[in-house]
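Notes follow once the structure below has been shown.
A, B, ... follow the sequence lines: proteins, then strands. Residue 1 opens every chain.
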Amino acid sequence: MTTTLKSVDAVVIGLGWTGSILSMELASSGLSVVALERGAYRDTSPDWTYPRAADELKYGIRGELFQRLSKDTVTIRHAIDGTAVPYRQLNAFLLPNNVGGAGVHWNGQHYRPSPEDLKFYSHNVERYGAKFLPEDMTIQDYDVTYDELEPYLDQFERLCGTSGQAGNIGGKIIAGGNPFEGPRSRGYPTPPLPDTEGALRFAAAAKQLGYSPFPQPAANCSQPWTNPYGVRLGPCNLCGYCERYGCYLYSKASPQTTILPALLQKSNFEMRTHSTVTKINMSADGKRATGVTYVDAAGREVIQPADLVILSSFQINNVRLLLLSGIGKPYDPRTGTGVIGKNFAYQMMSESALFFDKDAAINPFIGAGAGGQQIIDEFNADHFDHAPHGFVGGGYILGGTTGGRPLQQLNVPPGTPAWGAKWKKAAKETYLHSTRVQTHASVMSYRDAYVDLDPTYRNALGQPLARITFDWHENEYRMTRFVTDRALEIVAKMNPKSHTVTMRRPGDRFNTRQYQTTHITGGAITGANPQTSAVNRYCQSWDVSNLFVFGASAFPQNLGYNPTGLIGGLTYMGAHAIREQYLKSPGPLVSA
Amino acid sequence: MPDKKILKNRRLFLQQALAAVPGITLLGMTGHQSLFASTAWAAPGQQTPYRPTFFTAAEWMFINAAADRLIPSNEDGPGAVELGVPEFIDRQMESGYGHGEFWYMSGPFVTDVDFTLGYQLQFTPREFYRTAIADIDQACVNMHGHVFAGLDAATQDSVLEKLQAGALTLAHIAKPAEFFIQLLANTKEGYFSDPMYGGNRHMGSWKMIGFPGARADFADWMLQPGRVYPLGPVSIQGEKA
């Protein structure tokens with residue numbers, strides 16, 4: 001028995017960052033808004049209070065805040081002729097769940113894209129020629145320039161109270177910031193957090209090599225900040241429990257600390273938790289979304305009609321729901337046609353753990369998810385001449401630690417066994433004197449990297465799992481070798497007693513057991529052409545004009561930076577277009 | 001080497017541990033002395049031994065012996081048994097985690113795929129321990145004439161090394177190295193996680209490495225990079241050191 005409810009102006013699928021922003025912006029415009037969240041309601045109090053928040057087993061290892069894979073997961077294979085198997089344990093990337101989504105358990109590493117990231121295909125072709133790109137690389141441009149996006153990137157930073165040091169305001173380069181960033185209209189809301197010892201050592205070495213280190217921009221507030229919605233954040237104390245954890249201090253920007261306190265007071269907004277959307281319903285002619293079907297906490301099927309549908313769940317779930325709903329043409333890797341599922345991408349990291357003498361008090365447990373660390377950006381995006389190197393893309397190099405939680409963040413010197421007396425001795429002797437240098441880098445999109453529905457495996461509701469087909473390509477092996485070598489030069493200048501190197505080398509397969517980043521992207525990409533993209537510049541579906549799809553699913557390829565800043569900017573730009581244009585005249589905002 | 005007093009305490013600890021398990025017997029083991037020598041000691045007057053809920057007597061022997069090899073007690077600091085890691089693992093087996101709540105456990109189970117595609121066996125953690133321990137003990141009997149707990153430390157280490165390398169054939173487990181990954185992960189979890197879960201007794205591992213545990217507030221020290229942090233650990237339930 002399916003219940004059909006009274007129609008609302010807008011239904012929002014998933015109440016993470018993008019769903020919370022859209023709910024707030026639409027409810028503020030007077031629309032009746034219902035947000036459907038498959039997970040539970042969670043908040044700083046009572047869920048992440050001190051000291052219960054400082055529980056590495058519960059949050060860091062078991063993953064209390066993540067999707068329970070027993071209920072739902074994805075399948076993964078390396079190649080289009082392979083058999084995909086389920087992602088049975090969370091390792092390589094995390095899948096969020098609950099109100100706030102990944103916005104609760106991110107690190108707060110809050111970047112803007114470089115201007116060329118948004119025109120990545122045409123920029124590279126213009127500078128290096130079309131033949132510089134491998135034949136199977138399918139990178140594309142966004143249909144928005146950095147300057148057009150800047151006000152919305154700024155808006156998201158104001159929302160978050162982000163701490164950092166500007167490097168370019170209105171074209172004027174400012175010492176101590178990132179000299180490679182695009183021109184900003186103004187600086188960060190709050191100043192940088194203090195540097196940790198590991199970051200200071202990294203920055204000193206980077207300077208000796210002629211680089212321009214700067215504090216990592218951090219949605220970890222450094223001072224009290226009241227955002228434009230009137231929600232107040234407090235300063236971070238570098239507690240060391242950030243990524244994978246809820247913030248007990250109201251310092252890390254999340255929907256809970258920046259939007260929900262204002263949103264939940266609105267009488268025209270309703271949040272329904274434990275409500276899993278199974279389908280976006282369509283009109284008979286397939287041109288219009290009529291609302292959604294969901295399964296509620298009691299297992300009942302409910303239809304929520306709506307004039308406007310906002311798809312704002314995590315990247316992979318956005319793509320799967322489009323495929324399950326039959327919206328847009330599914331991508332076919334053999335012909336290269338179709339758009340839904342196209343251009344899945346990930347990121348590629350490398351890492352070095354450094355070990356110093358016993359007189360070096362690194363105190364690795366003092367750290368924030370983002371603040372307190374130092375960055376160099378010389379080898380990211382197209383900040384350097386790629387012509388001699390034979391690859392496109394790159395990454396930033398990061399020095400410092402986000403915490404010293406012993407299960408996840410205790411490193412031992414190279415050659416140490418994984419267990420036994422020697423391991424214990426190494427752990428004891430090096431823990432306090434160790435820090436980390438990492439690279440965090442781009443992955444291009446390719447013809448054979450995509451998402452579709454798995455033919456075999458199903459979730460707890462009986463729906464097919466999303467199937468990811470992905471492996472590394474030559475461009476990325478070259479990229480990581482080059483950027484990692486630059487990082488190792490800094491490591492050498494830091495002069496540790498010993499150091500480890502973890503990187504992906506030619507022939508290494510994509511390893512679902514090794515955590516790198518949670519930044520999986522693509523599958524419902526944005527662009528200028530409905531033949532090659534799923535959504536337009538405002539993240540509006542080309543096929544169904546009353547459907548908008550927000551999140552990293554819109555990225556045509558993955559950039560070297562963490563994605564959340566760009567997601568926030570695209571989301572605010574889309575929300576602005578809905579408010580100022582779409583609501584006055586519903587229909588396509590860009591003519592196809 | 002531990003002094004005589006410590007060795008005496010270790011024997012006392014093991015006797016207590018075994019006394020807690022109904023029907024436990026060391027008959028048929030030739031490695032009694034080495035078993036005593038390789039099991040961690042208890043502080044004098046320590047609490048009554050933990051009684052396992054999930055593990056059988058034979059499994060409990062295995063878990064104690066294996067944990068003691070993975071993180072042994074010595075002059076560098078406490079070992080896994082001393083810090084209650086077996087208790088931790090037993091309690092985890094009774095949790096949602098032990099029952100497989102965190103893992104996707106629907107079939108079909110395809111085990112002949114590349115290692116990089118992750119864990120693909122059909123066992124929840126509970127089922128994994130139950131199956132693997134019986135298989136490992138049987139393999140040890142076949143190779144060395146005794147179950148794992150009855151072997152001397154060097155032989156135990158060689159069995160664990162084989163298991164780690166996937167070179168130990170187990171009757172019911174397609175990928176034996178997966179069990180080593182599981183066992184080592186759970187052992188380190190019990191060693192380093194908050195004491196409220198049953199391991200890391202009195203924050204022994206945190207004190208050893210210098211981790212301040214649940215302090216999670218460095219407002220006073222974040223402006224003093226490079227200076228030794230002066231405070232010892234605290235636990236979630238308020239234990240201080």
Check each atom of A:D508 against the heavy atoms of chain B and say whether the ones under 4.5 Å are side chain, backbone, both or neither. neither
Could you tell me which portion of B:Q237 (side chain, backbone, both or neither) has an atom closer than 4.5 angstrom to a non-hydrogen atom of chain A? neither
Counting heavy-atom pairs under 4.5 Å with chain A, the top scorer among B:P212, B:A219, B:G100 is B:P212
State plainly whether the residues B:E189 and A:R62 are in salt-bridge range, i.e. N to O under 4.0 Å. yes
Heavy-atom distance under 4.5 Å to chain B: side chain of A:Y248, backbone, both or neither? side chain
If only atom types and distance count, is the side chain of A:Y87 paired as donor or acceptor with the main-chain N or O of B:G118 below 3.5 Å? no
So do B:I181 and A:R513 actually touch side chain to side chain, heavy atoms under 4.5 Å? yes
Please report the shortest heavy-atom distance between A:K58 and B:Y197, naming the atom on each side. CB-OH, 3.6 Å
A:E56, A:H78, A:Q67, A:K428: which one forms the most heavy-atom pairs within less than 4.5 Å of chain B? A:K428
A:L407 and B:F192, any side-chain heavy atoms less than 4.5 Å apart: yes
Counting heavy-atom pairs under 4.5 Å with chain B, the top scorer among A:G63, A:A418, A:G240, A:A360 is A:A418
Per-residue contact mode, B:F115 against chain A (heavy atom under 4.5 angstrom): both
Contacting region of B:V113 [heavy-atom separation from chain A under 4.5 Å]: side chain
For the pair A:N237 and B:F218, evaluate side chain to side chain contact (heavy atoms under 4.5 Å, CB included) and give the outcome as yes or no after the intermediate values. CA-CA 5 Å; A:N237 68 3; B:F218 303 108; 5.8 Å; no
In terms of heavy-atom proximity below 4.5 Å to chain A, should B:Q92 be classed as side chain, backbone, both, or neither? side chain
With a distance cut-off below 6.0 Å to the six-membered ring centre and an angular limit of 45° from the axis, does B:K188 pair with A:W419 as a cation-pi contact? no
If you tally heavy-atom pairs under 4.5 Å between each of B:G238, B:S95, B:P108 and chain A, the highest tally belongs to B:P108
A:N91 portion near chain B, given a 4.5 angstrom heavy-atom threshold: neither
Please state whether the side chain, the backbone, both or neither of A:R458 comes within less than 4.5 Å of a heavy atom of chain B. backbone
Look at the aromatic rings of A:Y241 and B:F211 and report parallel, tilted or perpendicular, splitting at 30° and 60°. tilted
Relative to chain B, which segment of A:L90 carries a heavy atom at a distance below 4.5 Å: side chain, backbone, both, or neither? neither
Separation between OG (B:S106) and CG (A:N459), nearest 0.5 Å, reads 9.0 Å
Yes or no on salt bridge (charged side-chain N to carboxylate O under 4.0 Å, His left out) for A:K424 and B:D76, after CA distance, side-chain angles and deciding distance? CA-CA 8 Å; A:K424 191 178 81 174; B:D76 287 323; 5.9 Å; no
Identify which part of B:L184 has an atom lying under 4.5 Å from any heavy atom of chain A, answering side chain, backbone, both or neither. side chain
Under 3.5 Å, side chain of A:R68 to main-chain N/O of B:Y104, donor-acceptor pair present? no
Side chains of B:D194 and A:L57, heavy atoms from C-beta outward: is any pair under 4.5 Å? no
Would you call the rings of B:Y229 and A:F365 parallel, tilted or perpendicular if under 30° counts as parallel and over 60° as perpendicular? perpendicular
Say you draw a straight line from OG1 of B:T116 to CG of A:D471; how long is it, rounded to the nearest 0.5 Å? 7.5 Å
Counting only heavy atoms closer than 4.5 Å, note whether B:L160 contacts chain A via side chain, backbone, both or neither. both
Identify which part of A:L238 has an atom lying under 4.5 Å from any heavy atom of chain B, answering side chain, backbone, both or neither. both
Might you point out which heavy atoms bring A:Y50 and B:A216 nearest each other, and give the distance in Å? CE1-CB, 4.0 Å
Rounded to the nearest 0.5 Å, what's the gap from CD on A:Q89 to CH2 on B:W103? Could you check? 4.5 Å
Chain B heavy atoms under 4.5 Å from A:I61: which part of the residue, side chain, backbone, both or neither? side chain
Among A:T196, A:V85, A:L410, single out the residue with the greatest number of heavy-atom pairs under 4.5 Å to chain B. A:V85
Please check: side-chain N/O of B:R215 versus main-chain N/O of A:C239, any donor-acceptor pairing under 3.5 Å? no
Could you state the interatomic distance from CE (B:M222) to CG (A:L193), rounded to the nearest 0.5 Å? 6.0 Å
Against chain A, label B:D220 side chain, backbone, both or neither, depending on which of its atoms sit under 4.5 Å from a heavy atom there. neither
Given that the side chain runs from C-beta out, which part of B:M105 has a heavy atom under 4.5 Å from chain A: side chain, backbone, both or neither? backbone
Check each atom of A:A84 against the heavy atoms of chain B and say whether the ones under 4.5 Å are side chain, backbone, both or neither. neither
Nearest non-hydrogen partners of A:L432 and B:I209, listed with the distance: CG-O, 3.5 Å
Sort out for me which of A:K425, A:E429, A:R509 touches chain B most, counting heavy-atom pairs under 4.5 Å. A:K425
Checking B:F102 against chain A: side chain, backbone, both or neither under 4.5 Å from a heavy atom? both
For chain B, find which of A:P417, A:P406, A:P51, A:P194 contributes the most heavy-atom pairs closer than 4.5 angstrom. A:P406
Relative to chain B, which of A:A54, A:A460, A:A361 shows the most heavy atom pairs under 4.5 Å? A:A361
So which of B:V234, B:V228, B:D217, B:I71 has the largest heavy-atom pair count under 4.5 angstrom toward chain A? B:D217
Could you tell me whether the side chain of A:S70 and the main chain of B:E101 form a donor-acceptor pair under 3.5 Å? yes
Using modelled atom types and a 3.5 Å cut-off, is there a donor and acceptor pairing between side-chain atoms of B:Q120 and backbone atoms of A:P86? yes
